[in-house]
Every structure is written in structure tokens, then in C-alpha cells.
Amino acid sequence: MPLSRQSAVLAEREVDMCFVRLPLTSPELPELHLVNLWEERPTAVVGTENVLSLHEELTLADLAEDPEIAPEHDDDAADRIAVVASGVGHARLPLSLARLHHRKDVVHREITDAESTHIALAWPTSEDDDVRQDFVATVRGRTPRSSR
């Protein structure tokens with residue numbers, strides 16, 4: 001599901017529950033249960049010809065002199081990576097998006113001092129039931145024999 005739709009599908013009840021990238025910002029969202037699941041490491045995507053590609057990992061200071069290709073909308077990761085591949089600047093992305101849109105003319109490097117992205121499981125509080133609670137338990141690695 002595109003990042004731009006995650007709030008809408010919950011607000012419009014198109015899904016019972018979904019994985020979301022936090023924060024969720026939408027005034028029409030119902031009250032939600034949010035179960036934080038993991039953090040995604042931040043990365044910088046650079047062209048293979050960029051001197052920053054020689055580093056194993058980067059810091060924000062390393063990126064300060066290199067132009068950042070800023071997002072124009074929530075779902076433009078592939079477009080930003082295409083610009084970076086042409087030899088212009090870097091794009092900051094969560095690791096999963098950097099891997100999803102990987103190309104042979106770019107590399108991604110972890111940014112060690114940047115804020116992580118948080119992934120959560122979300123569903124309306126009014127729609128809570130045993131099935132959803134069992135699903136949350138499964139996602140968190142519990143089995144029928146585990147205690148809560």
C-alpha cells in the first residue's frame with residue numbers, strides 16, 4: 001500500500017488493520033490502537049560515482065555538503081532514487097524503501113546519527129476483538145502456548 005494511502009484506508013475502513021509508518025497525520029482518522037513493532041534504520045542513497053559511496057556508513061555531517069533530493073510527495077522514493085542515479089546528490093530513505101527501489105547504479109548507506117522510522121500495526125479501537133488480538137500476538141511472536 002502506498003504511504004500516501006495508509007491513513008485513508010484506516011479512516012475509510014477499507015482494511016481491518018494494517019502496518020503503518022509513523023507518524024500518522026490525518027484529522028479524519030478514528031481513534032486507533034497502535035502496536036509499535038520495529039524501527040527502520042535511516043539510509044542515504046547515493047550514486048555509485050558519488051564519493052560518499054566509498055563509506056561503509058554515513059553521518060549527517062558527512063551529508064551536509066551533498067545536496068539532498070527532497071521528497072515532493074509521500075510516494076516518490078523511486079523518482080528520487082532515479083535522480084540520485086543520474087549523479088545528483090543523495091536521498092534519505094528508510095532502509096526498506098532503499099532496498100525496494102535498489103538499482104545497480106546506486107548504493108545505500110546507513111546514517112548512524114539520524115532518527116529511525118517506526119513501523120506499527122494499527123486498527124480502530126472500536127473494532128477490537130479476539131481475532132485481532134490473536135493476530136497481534138502472532139506478529140509479536142507469541143504462540144498458543146506462550147503467556148501474554
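All heavy atoms count here, side chains included; hydrogens, waters and symmetry mates do not. All of these numbers come straight from a predicted model, not from anything done at the bench.
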task = Keeping the roles fixed (side chain from H90, backbone from I69), state whether a donor-acceptor pair exists under 3.5 Å.
result = no
ask   = At their closest point, which heavy atom of V84 faces which heavy atom of G47, and how far apart are they?
value = CG1-N, 3.3 Å
query = Atom CD1 of I119 and atom CZ of R21: how far apart are they, to the nearest 0.5 Å?
reply = 4.0 Å
inquiry  = Quick check: do P71 and R80 have side-chain heavy atoms less than 4.5 Å from each other?
reply    = yes
key: Partners meeting ring-ring contact (aromatic ring centres under 6.0 Å, His included) with H33 (sequence neighbours left out)   = W123
inquiry  = As an exercise, state the distance from CG of L24 to CD of Q6, rounded to the nearest 0.5 Å.
reply    = 5.0 Å
ask   = Hey, quick one: are L37 and L22 part of the same hydrophobic cluster, counting side-chain heavy atoms closer than 4.5 Å, chains of contacts allowed?
value = no
inquiry  = Is any side-chain heavy atom of V51 closer than 4.5 Å to one of L54?
reply    = yes
Worked check of side-chain contact (heavy atoms from CB on, under 4.5 Å) between D16 and E127 = CA-CA 8 Å; D16 294 325; E127 304 295 322; over 6 Å; no
query = Side chains of M17 and V139: closer than 4.5 Å at any heavy-atom pair?
reply = no
key: Heavy atoms of other groups near E12 CD, more than 12 under 6.0 Å   = yes
inquiry  = Side chains of V45 and H101, heavy atoms from C-beta outward: is any pair under 4.5 Å?
reply    = no
Note, L32 side chain near V20 side chain (heavy atom, < 4.5 Å) = no
Close side-chain approach of P124 and R13, heavy atoms under 4.5 Å = yes
inquiry  = Main chain of R41, side chain of E110: is a donor-acceptor contact present, judged purely on distance under 3.5 Å?
reply    = no
task = Please assess D62 against L60 for the test side-chain contact (heavy atoms from CB on, under 4.5 Å), listing each intermediate value before the final yes or no.
result = CA-CA 5 Å; D62 295 331; L60 293 173; over 6 Å; no
S53 side chain vs E49 backbone, donor-acceptor pair below 3.5 Å = no
inquiry  = Keeping R92 on the side-chain end and E68 on the backbone end, is there a donor-acceptor pair under 3.5 Å?
reply    = no
inquiry  = What I'd like to find out is whether the side chain of S116 reaches to under 4.5 Å of the side chain of P42, using heavy atoms alone.
reply    = yes
ask   = Any donor-acceptor pair under 3.5 Å linking the side chain of D66 with the backbone of L63?
value = no
task = Using the rule that two of Ile, Leu, Val, Met, Phe, Trp, Tyr join whenever any of their side-chain heavy atoms come within less than 4.5 Å, decide whether V136 and L34 are in one cluster.
result = no
query = Would E57 and T112 count as having a side-chain donor-acceptor pair, cut-off 3.5 Å?
reply = no
ask   = Transitively linked via ILVMFWY side-chain contacts under 4.5 Å: V15 with L29?
value = yes
inquiry  = List the residues meeting side-chain hydrogen bond (donor to acceptor under 3.5 Å, both in side chains) with D74, not counting sequence neighbours, and say none if there are none.
reply    = none
ask   = In terms of the angle between their ring planes, are H108 and H102 parallel, tilted or perpendicular, with boundaries placed at 30° and 60°?
value = perpendicular
ask   = Can you list the steps and then say if L93 with I81 is a side-chain contact (heavy atoms from CB on, under 4.5 Å)?
value = CA-CA 10 Å; L93 297 167; I81 289 174; 3.6 Å; yes
inquiry  = Please determine whether residues W38 and L121 belong to a single hydrophobic cluster, defined as Ile, Leu, Val, Met, Phe, Trp and Tyr linked transitively by side-chain heavy-atom distances below 4.5 Å.
reply    = yes
ask   = Should I111 and D113 count as side-chain neighbours, where that means a heavy-atom distance under 4.5 Å?
value = yes
message = Could you check whether any side-chain N or O of N50 sits under 3.5 Å from a backbone N or O of V46, counting only pairs where one atom can act as donor and the other as acceptor?
response = no
key: Donor + acceptor pair across side chains of T125, D128 (<3.5 Å)   = no
ask   = Sub-3.5 Å donor-acceptor pair from the side chain of E14 to the main-chain atoms of A8, do we have one?
value = no
ask   = If you look at every heavy atom in A120 and N36, which pair is closest and at what distance?
value = CB-OD1, 3.9 Å
Considering all heavy atoms, the nearest C18-V9 contact = SG-CG2, 4.3 Å
message = Checking the side chain of D75 only, and the main-chain atoms of L3 only, is there a donor and an acceptor separated by less than 3.5 Å?
response = yes
